[in-house]
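Working notes, beginning with the structure itself.
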Amino acid sequence: MKVGIAGCGFMGEVHAESYQKLADVQLYAVAEKNQEKLEQFNQKFGPLKKYHDVIEMIMDEEIDVIDICLPTPFHREPTIQALQQNKHVLLEKPIALTLEDAQAIKLAAESSKGQFMVAHVLRFWAQYSVIRNAFKQKQLGAVKEIYASRFNELPLWSEGTWIMEESQSGGLVIDLMIHDVDFVLWNLGKVKRVWSKGIPDEKNFHIQVMSVLEFENGATAYIEGGYLNPQGAGLSSQMRIYGEKALLEMYSHEDHIWLTESGGIKKQLEIPSIDGYFEEIAYFVDCIKQNKEPSVITVDEAVESLNVCLALKKALKDNRWIEV
Ligand SMILES: NC(=O)c1ccc[n+]([C@@H]2O[C@H](COP(=O)([O-])OP(=O)(O)OC[C@H]3O[C@@H](n4cnc5c(N)ncnc54)[C@H](O)[C@@H]3O)[C@@H](O)[C@H]2O)c1
């Protein structure tokens, strides 16, 4: 199976490392507009077939899988073109910036012979796989409340700092908070209405947002995101889930997840030593090999995660509850 990666920035490298660990997979080509990065990437992972133009790479008949790690405004066109060529496509999150683009991608995926998956990596991440299991095994009982947070340093690493441009990345909600929104939706189901409040910088780019999501099943989720961590501190996240049977606490800097049951019985849940990015890519490759549609994250779920994030942004802008 031959893979071509589009965009060799931060995520392009992360994906390349995973493909290199998989048997029967050849990292074959790369498309990148920045010549220096293209050469560096080729030295590190090559020799590869090098393209400046993503569409030219998509037309290469040798390639089976196109992996799109481009900035979000460039998700729609290459994804649709690759699906129309019946290539398999792994697309970095978020699916798109607008529902119109997301629906166009969904239509292309539905009429392609290629498999398609949006890389919502929390669904494969070690800590979150433990949390998912707790839900599946009904260890928590009916969930009343979830608090989820994700804080990073200002994303100064992105090419041209496009992540800090609302029009390019969709801002903090669409770029960062979508991870937790997607994970919470996966476990709590349909959202009824949302509200948000945040801290804007001098250019009205939000560096912190707290959102409230009310679910049809009666649960409430408080999802907070921010670029307030000091430079060099990296990413930190946490999740606390208050269920009728137990409280689950995950803090990303800890080696265990805590499960406290009534009577004060506190258990440590083991976190498996797996790499979420590798798990995600290995799963997608396996779906291709077995000719089955990815079910851990479906295209409809990726569209819904974007839909809810757009509602969070509208709530932030209008300062009111938004029905989803
Ligand atoms: N799943 C995660 O944990 C995670 C983390 C970070 C980013 N992302 C997502 O991954 C995607 C890429 O983000 P990144 O952080 O890797 O960005 P980045 O800026 O580090 O890399 C993007 C690369 O694409 C190249 N590029 C831009 N436009 C191009 C074009 N038209 N043709 C060819 N090359 C082009 C840039 O030169 C750059 O090298 C985004 O959608 C982002 O939301 C996901």
Side-chain angles (χ1 to χ4, degrees), residues 1-20 22-98 100-119 159-160 162 168 280-294 297 299 302-303:
M1 191 185 302
K2 289 184 177 154
V3 178
I5 294 192
C8 51
F10 177 62
M11 283 318 292
E13 289 224 359
V14 170
H15 284 204
E17 277 161 15
S18 294
Y19 286 116
Q20 283 204 323
L22 285 166
D24 306 332
V25 175
Q26 183 189 354
L27 185 53
Y28 174 80
V30 58
E32 167 62 54
K33 64 173 190 179
N34 179 319
Q35 180 67 27
E36 208 182 314
K37 279 183 156 181
L38 185 65
E39 294 303 339
Q40 278 171 4
F41 190 88
N42 186 51
Q43 265 187 11
K44 189 165 174 188
F45 298 103
L48 305 172
K49 209 159 165 187
K50 294 180 279 179
Y51 290 93
H52 284 121
D53 187 275
V54 177
I55 304 302
E56 268 182 40
M57 181 176 79
I58 287 168
M59 295 302 164
D60 186 330
E61 287 183 359
E62 286 287 311
I63 300 177
D64 307 293
V65 182
I66 298 289
D67 183 319
I68 298 182
C69 292
L70 295 169
T72 313
F74 305 105
H75 282 190
R76 177 180 170 151
E77 282 319 312
T79 302
I80 291 177
Q81 294 255 10
L83 288 167
Q84 284 173 347
Q85 296 302 311
N86 294 316
K87 309 270 191 206
H88 308 291
V89 180
L90 181 65
L91 172 65
E92 254 309 332
K93 51 52 63 182
I95 184 168
L97 292 177
T98 64
E100 191 198 337
D101 285 359
Q103 290 295 352
I105 289 173
K106 172 177 143 78
L107 278 180
E110 283 167 355
S111 45
S112 175
K113 290 198 184 97
Q115 301 296 354
F116 174 69
M117 188 172 98
V118 180
E159 174 91 8
W162 64 269
Q168 300 292 297
E280 168 189 83
I281 284 172
Y283 171 73
F284 185 59
V285 166
D286 193 52
C287 287
I288 295 170
K289 281 186 181 166
Q290 296 194 37
N291 196 23
K292 65 172 197 214
E293 263 181 49
I297 165 83
V299 62
V303 175

Approximate separation, where rounding is to 0.5 Å, of Q115 CD and K292 NZ
10.0 Å
Quick check on Q43: does its CD atom have over 12 non-hydrogen neighbours (other residues, nucleotides or ligands) under 6.0 Å away?
no
Flag side-chain contact, heavy atom, 4.5 Å: Q35 against H52:
yes
Exercise: identify the closest heavy-atom pair between P294 and C287:
CA-SG, 3.8 Å
Separation between CG (N42) and CD (Q40), nearest 0.5 Å, reads 11.0 Å
Taking only distance into account, with no hydrogens and no angle test, what donor-acceptor pairs under 3.5 Å do side-chain atoms of residues 78-86 form with protein atoms, sequence neighbours excluded?
unit_1, atom_1, unit_2, atom_2, d
T79, OG1, H75, O, 2.5
N86, OD1, K113, N, 2.9

Might you point out which heavy atoms bring Q168 and P73 nearest each other, and give the distance in Å?
O-CD, 3.0 Å
Any heavy-atom pair between the side chains of H15 and L90 that's under 4.5 Å?
yes
Can you list everything that forms a side-chain contact (heavy atoms from CB on, under 4.5 Å) with A302? Sequence neighbours excluded, please.
I95, V118, H120, I297
Does the side chain of T72 come within less than 4.5 Å of W162's, by heavy atoms?
yes
Counterpart residues, side-chain contact (heavy atoms from CB on, under 4.5 Å), relative to E77 (two or more places apart):
none
Residues pairing under salt bridge (Lys or Arg N to Asp or Glu O under 4.0 Å) where one sits in residues 27-40, two or more places apart or in two chains, turn out to be K37-E159, E39-K50
Please report the shortest heavy-atom distance between Q20 and L27, naming the atom on each side.
CG-CD2, 4.3 Å
In short, A96 meets A102 closest at the heavy-atom pair CB-N, 3.8 Å
Mark yes when over 12 heavy atoms from residues, nucleotides or ligands other than Q103 sit less than 6.0 Å from its CD; otherwise mark no.
yes
Can you list everything that forms a side-chain contact (heavy atoms from CB on, under 4.5 Å) with K289? Sequence neighbours excluded, please.
M1, D24, V285
Distance in Å, E13 CD paired with C8 SG, rounded so as to fall on 0.5 Å steps:
7.0 Å
Looking only at non-hydrogen atoms, find the nearest pair between A29 and I63 and report the distance.
CB-CD1, 3.7 Å
Look at the rings of F41 and F45 and say which category their plane angle falls in: under 30° parallel, 30 to 60° tilted, over 60° perpendicular.
tilted
Just wondering, do D67 and F284 contact through their side chains at under 4.5 Å, heavy atoms?
no
Does a side-chain N-to-carboxylate-O contact under 4.0 Å join E17 and K44?
yes
Return yes when atom CD of E100 has more than 12 non-hydrogen atoms of other residues, nucleotides or ligands closer than 6.0 Å, and no otherwise.
no
Of all residues at least two apart in sequence or in a different chain, which pass the side chain to side chain donor-acceptor pair (under 3.5 Å) check with D60?
K49, Y51
Drop me the distance from D286's CG to I281's CD1, to the nearest 0.5 angstrom.
13.5 Å
Is there a donor-acceptor pair under 3.5 Å between the side chain of D64 and the backbone N or O of K2?
yes
Is it true that atom CD of E110 has more than 12 heavy atoms of other residues, nucleotides or ligands lying nearer than 6.0 Å?
yes
